[in-house]
Structures are given as structure tokens and as C-alpha cells.
Amino acid sequence: MIEQVKGTQNIVDENSTKYLYIRDQFHKSFINYGYSYTQTPHIEYTELFEKSIGVNSEIVSKQMYQFDDKGGRSLVLRPEGTSSIVRYHSQFNKEQTKHYAYFGQMFRYENPQKNRYREFTQGGIEILGQIDEYSDFQVISDSIRFLKNLDLEFTLEINTIGSLEDRNAYIDNLHKYLTLNKDKLSDESLEKLNNNTLRILDSNNKTDFDVIRDAPEILEYINEDSILKFNLLKSLLNKNKIAYRENTKLVRGLDYYNDLTFEFITKDGLVLGGGGRYDRLSEILGLGTFNGVGVAFGIERIMNTIGTVSADPTIYLIGSNINKITEYALFLDDKNINYFKPPRISKLNAQFKQAKNLNARYVINTDEDTIKDLVNNTSVDFDIEVLIEN
RNA sequence: GUGGUCGUAGCUCAGUUGGUUAGAGCACCUGGUUGUGGUCCAGGAUGUCGCGGGUUCGAAUCCCGUCGAUCACCCCA
């Protein structure tokens, strides 16, 4: 037997119903609101992510599916979506300011567990070009519409991490502080001390709590302009009655963020999605000087959090005579009514069972020209009006 | 990358200190029954016991490796 590749999934049955439902809500929440759906390649040059996400991040240093193709190009299966959208924008829309939406598979070489797969799906939006606090605000408020359409409960957490310069100054001081206290840090945090200092603040390890609590706060290092922008956003959120929680420890995993960072978190602490501002990304990539703000959602995480999604009631066609069953199919096609049918002409008994298992509402028995309502358990002579009404 | 648990029919699982032809329920198929039909009855098909090696007269059962699942750490969506 050939097993499937570790960390990949077959999305089937109830999960596929959920998946398609979420994709549909994604469409309705973003694409119908002016975000242009943009599908970029699944493979990119390694360089793109090394420069954007940062070589020190775990995503780039350990988790990329990197390979050389037969032409000797160093390629990766994309680990995230933003960098590709930024690349696209610089190629074709450099001077413009635009809304983008993307939805697709991402790949990271990690050990799989609940809500984490090697091949997974992210749906996200970005605004690129000349942007302002209204751009930040709409990314957040449009995200909330999406999550609310899905009936999800969540908390919005926000933070500002200042400019890249502020952050570097802060990291210097944090590094000094942590080095002084390094004997109180956990082993995991010690590993990060020199190359990923900021991430230590995110530690869930109890050993680190005391040290983190007394650590210097990033707020003290942030320039006035960034503070001003952050306050502007908060007042916009307040005016629009959007609840949020400030979390000064909210640091995101990708190097390219500046100023605003935010996450949508369930009460169990699961991050459904997150994002922020990345004004220098295009510059870091050498692709231009435009700014950006965006968010990405973990589609599997949403699938695992929402309740069951009921499939639409269906009409099921049964019969033992091929000619009659195809005749009915043609008739229904003509009326634009969709229907399910048995995969082959099996025992009528079995066809009934299948209709029941697939939660059919009506069974059309083409042998007898009747319609049976499986919910009320009543049977009537075939009448197209019965189907049109429902 | 680290650790725990697990891997027997399509699915859920049983399989007694290693011992003869590896089982059950559900699902599936056939025939019949039922014509407020999805019920019921009878019969049937289906397994490299994840894969590879080892120990043994003999391994689904013990040992090693490997692949996969799951959960946690790490990391992140």
C-alpha cells in the first residue's frame, strides 16, 4: 500500500462541505467588496522568501520545501502568500494602489499536529501602494466581516512594533536585558537569544514568564509618528465599535512587519488569522518603495473551529430503466433543477438507501413517475411544481 | 528537530502467556420480501494484519528499523 505524504490531507465529506463553504464566504466577504482575486504560482525563487520573511525566521531556516529544478534554479514551494503578491504588484501595478485577495495551498516542512499541516490553505488580503490608516482599518474591519459571516467567535488583538529602526534599537536593549537574565530562561528561549530575540516574548514556557514580565516594553522605543498612527487606528476602531485588546507582546513571526500587527484569536488561544503593516517589504526585496498591509487566515483552523455546515437539500433520481432515468434527467436539466443520481442501475432498494444517506429531500422514482418527500414520508405523482417550489 | 500514543477488511474495532483455514458490527453485492418502497430474510464478496528485517519449529502477537496517523513541545496560519 502506498501511503500519503506526511502532513498532507484529503479534504472530503463534511470537511469538503466546510472548505467550499468557507471559500464561498471568502468570496462574498472580500472579492465582492473589491479585492481582486489573484492567484500566484505555488513555486517561487528561494530568494523571494529568504529576503522577505528573513533568513533567521524558522520558516526560512528550517521549514521550506526547497529544491533545484532540472535547470538548476533554486525554487521553493511557497510557505506564505504575501511575498508573491508583492512581487506581482511590483511587476505590473507598481505605481498603483490596489486591493488583492488570494486563497490557496502553502507548504511548510513541520511536524504535523492539530491545526497544522505541511500542505495547508491560507486565504488572505493585501492592500499595496500608497496607503494610510484607512487602509489598515479596512483590512481589519473587512476581516471581521469575513469571520462574522462564518459565525466565529474571536478576539482581535493589536499592537504596534514601530519602525524597523525602532525595532532594532529595542531588540538591542532586549538582548542586553535577556543576556543578563539568561540563566532564568528556558532552553528553547536561549536558542533564540541571538538570532530571533523578539520571539522570546511569545514564549509559552512558564520558566520564562518572570523574565518576560519585567522585560523592557517595546512601547518605550517606538517613535512618535508610529504612536500617533497607532492611536489614530485605535480611535477609528472605537468609533466603529470594533472591540480589541492591546497586547504589547504581540510579535509576529515574519520579519517584514512594522508598526501595526494584529491577530484574531479564539477563546482557546488558536490564531485564526493575523497580519499587519509591511511598509519596507518592497524595498527589502529591491522591488520598489510602495507600502502594504494585509492579513492571512488559516483555512484549516477555521474548518476545525466552525460548526457543521449543512449541505443543500437535494433531489435524488432513482429507477431501474436507463431510458426513463435519462429522460427525466434531460427534463430536469431543461428546467435548471439539479439532482443526484445513482452511479449505476443498482437494486431500487439500494438506491433508496443511498438517497437517504446523502440526505436527499426528494426522491423521484422514474419507474413509477412519483416524487417521494423523504422528510414528510409522503409520495405524490410526479409534478415539476413540487420541485420548483422547493 | 524532540517526545507520548497508535497502525488488523471500505469504516469502527476484537484477536486470550507467540500455535492450525485471522473474526464481528456497519457498509457493499445478489436473490427474495416490502409497494406510505429507506424495513426484513437468506446468501455472497472483500485482508501482502502499514512496510522491511530479525528471533522462533511456528509471529497479527516478541525485538529492531522505517513509513504513516494522532497529540504535545518547538514554530506558526
Side-chain angles (χ1 to χ4, degrees), chain A residues 1-10 12-13 22 53 56-64 78-82 102-124 143 154 186-192 196 199-200 202-208 250-254 262-266 269-276 294-305 316 318-320 342-360 362-365 367-368 370-380:
Chain A
M1 180 154 133
I2 298 171
E3 274 167 341
Q4 81 183 82
V5 175
K6 185 168 179 165
T8 61
Q9 12 169 21
N10 300 302
V12 297
D13 302 330
I22 294 166
I53 304 173
N56 286 333
S57 74
E58 195 135 319
I59 296 177
V60 170
S61 62
K62 296 179 185 165
Q63 302 180 349
M64 287 208 298
R78 62 180 183 186
E80 62 111 37
T82 301
Y102 63 90
F103 195 99
Q105 310 318 111
M106 307 294 161
F107 303 84
R108 291 183 198 172
Y109 191 86
E110 307 177 81
N111 258 346
Q113 67 186 62
K114 195 177 180 96
N115 294 310
R116 194 175 73 186
Y117 309 91
R118 287 185 171 181
E119 179 180 3
F120 61 103
T121 314
Q122 277 192 356
S143 294
F154 57 89
S186 66
D187 291 347
E188 295 89 46
S189 292
L190 271 177
E191 274 179 38
K192 284 180 261 180
N196 216 349
R199 303 280 323 164
I200 295 176
D202 247 5
S203 169
N204 295 321
N205 195 317
K206 288 194 197 76
T207 320
D208 297 323
L250 177 62
V251 180
R252 295 188 43 78
L254 296 80
F262 60 90
E263 289 183 346
F264 298 97
I265 305 175
T266 67
L270 179 68
V271 178
L272 296 171
V295 64
F297 293 97
I299 302 305
E300 287 80 5
R301 292 179 176 192
I302 292 174
M303 277 166 64
N304 291 338
T305 305
Y316 204 100
I318 68 166
S320 54
R344 66 186 182 92
I345 306 294
S346 51
K347 213 171 129 171
L348 221 56
N349 214 6
Q351 294 185 23
F352 254 108
K353 269 170 95 168
Q354 197 154 35
K356 181 73 180 170
N357 287 339
L358 290 171
N359 267 320
Y362 295 106
V363 172
I364 299 175
N365 186 332
D367 286 359
E368 300 194 346
T370 57
I371 300 174
K372 179 159 186 180
D373 182 329
L374 287 183
V375 175
N376 302 328
N377 208 26
T378 53
S379 200
V380 295

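The sequence lines fix the lettering, A, B, ..., with proteins before strands; numbering per chain opens at 1. Heavy atoms only: backbone and side chains are in, while hydrogens, waters and symmetry mates are out. Just so it is clear, the model here is predicted, and its values are computed rather than measured.
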Below 3.5 Å is the cut-off: list the nitrogen or oxygen pairs between protein and nucleotides 1-4 of chain B, distance only.
| from | atom 1 | to | atom 2 | distance (Å) |
| --- | --- | --- | --- | --- |
| U2(B) | O4 | Asn111(A) | ND2 | 2.4 |

**Prompt:** Quick one: is A72(B) close enough that its OP1 or OP2 comes under 4.0 Å of any side-chain N or O from Gln113(A)?
**Reply:** yes
**Item:** G3(B) versus A77(B) - spacing of their P atoms, nearest Å
**Value:** 26 Å
**Asked** When we call it a touch if two heavy atoms are under 4.0 Å apart, what does Ser189(A) touch: a base, just sugar-phosphate, or nothing?
**Response** nothing
**Message:** If a pair means Watson-Crick or G-U wobble with both distances below 3.5 Å, what does RNA chain B look like in dot-bracket form, with | marking bases paired to a different strand?
**Reply:** (((((((..((((.....[...)))).(((((.......))))).....(((((..]....))))))))))))....
**Item:** Closest to side chain of Phe352(A), choosing from A69(B), A77(B), G37(B)
**Value:** G37(B)
List, with names and distances, any nitrogen or oxygen atoms from the protein found under 3.5 Å away from nitrogen or oxygen atoms belonging to nucleotides 26-28 of chain B.
| from | atom 1 | to | atom 2 | distance (Å) |
| --- | --- | --- | --- | --- |
| C28(B) | OP2 | Lys353(A) | NZ | 3.1 |

**Request:** Keeping to residues at least two apart or across chains, list the salt bridge (Lys or Arg N to Asp or Glu O under 4.0 Å) pairs with something in residues 102-117 of chain A.
**Result:** Glu110(A)-Arg116(A)
**Item:** By side-chain contact (heavy atoms from CB on, under 4.5 Å) - contacts of Lys347(A) (at least two apart)
**Value:** Asn349(A), Ala350(A)
**Complete:** Reading nucleotides 40-46 of chain B from 5' to 3' and marking B where a protein heavy atom lies under 4.0 Å of the base, S where only the sugar-phosphate is that close, and - otherwise, the string is B------
**Prompt:** How would you label the contact of Leu374(A) with the nucleic acid (heavy atoms, under 4.0 Å): base, sugar-phosphate, or nothing?
**Reply:** base
**Message:** Categorize Tyr316(A) for me: base, sugar-phosphate, or nothing, with a 4.0 angstrom heavy-atom threshold over every strand shown.
**Reply:** nothing
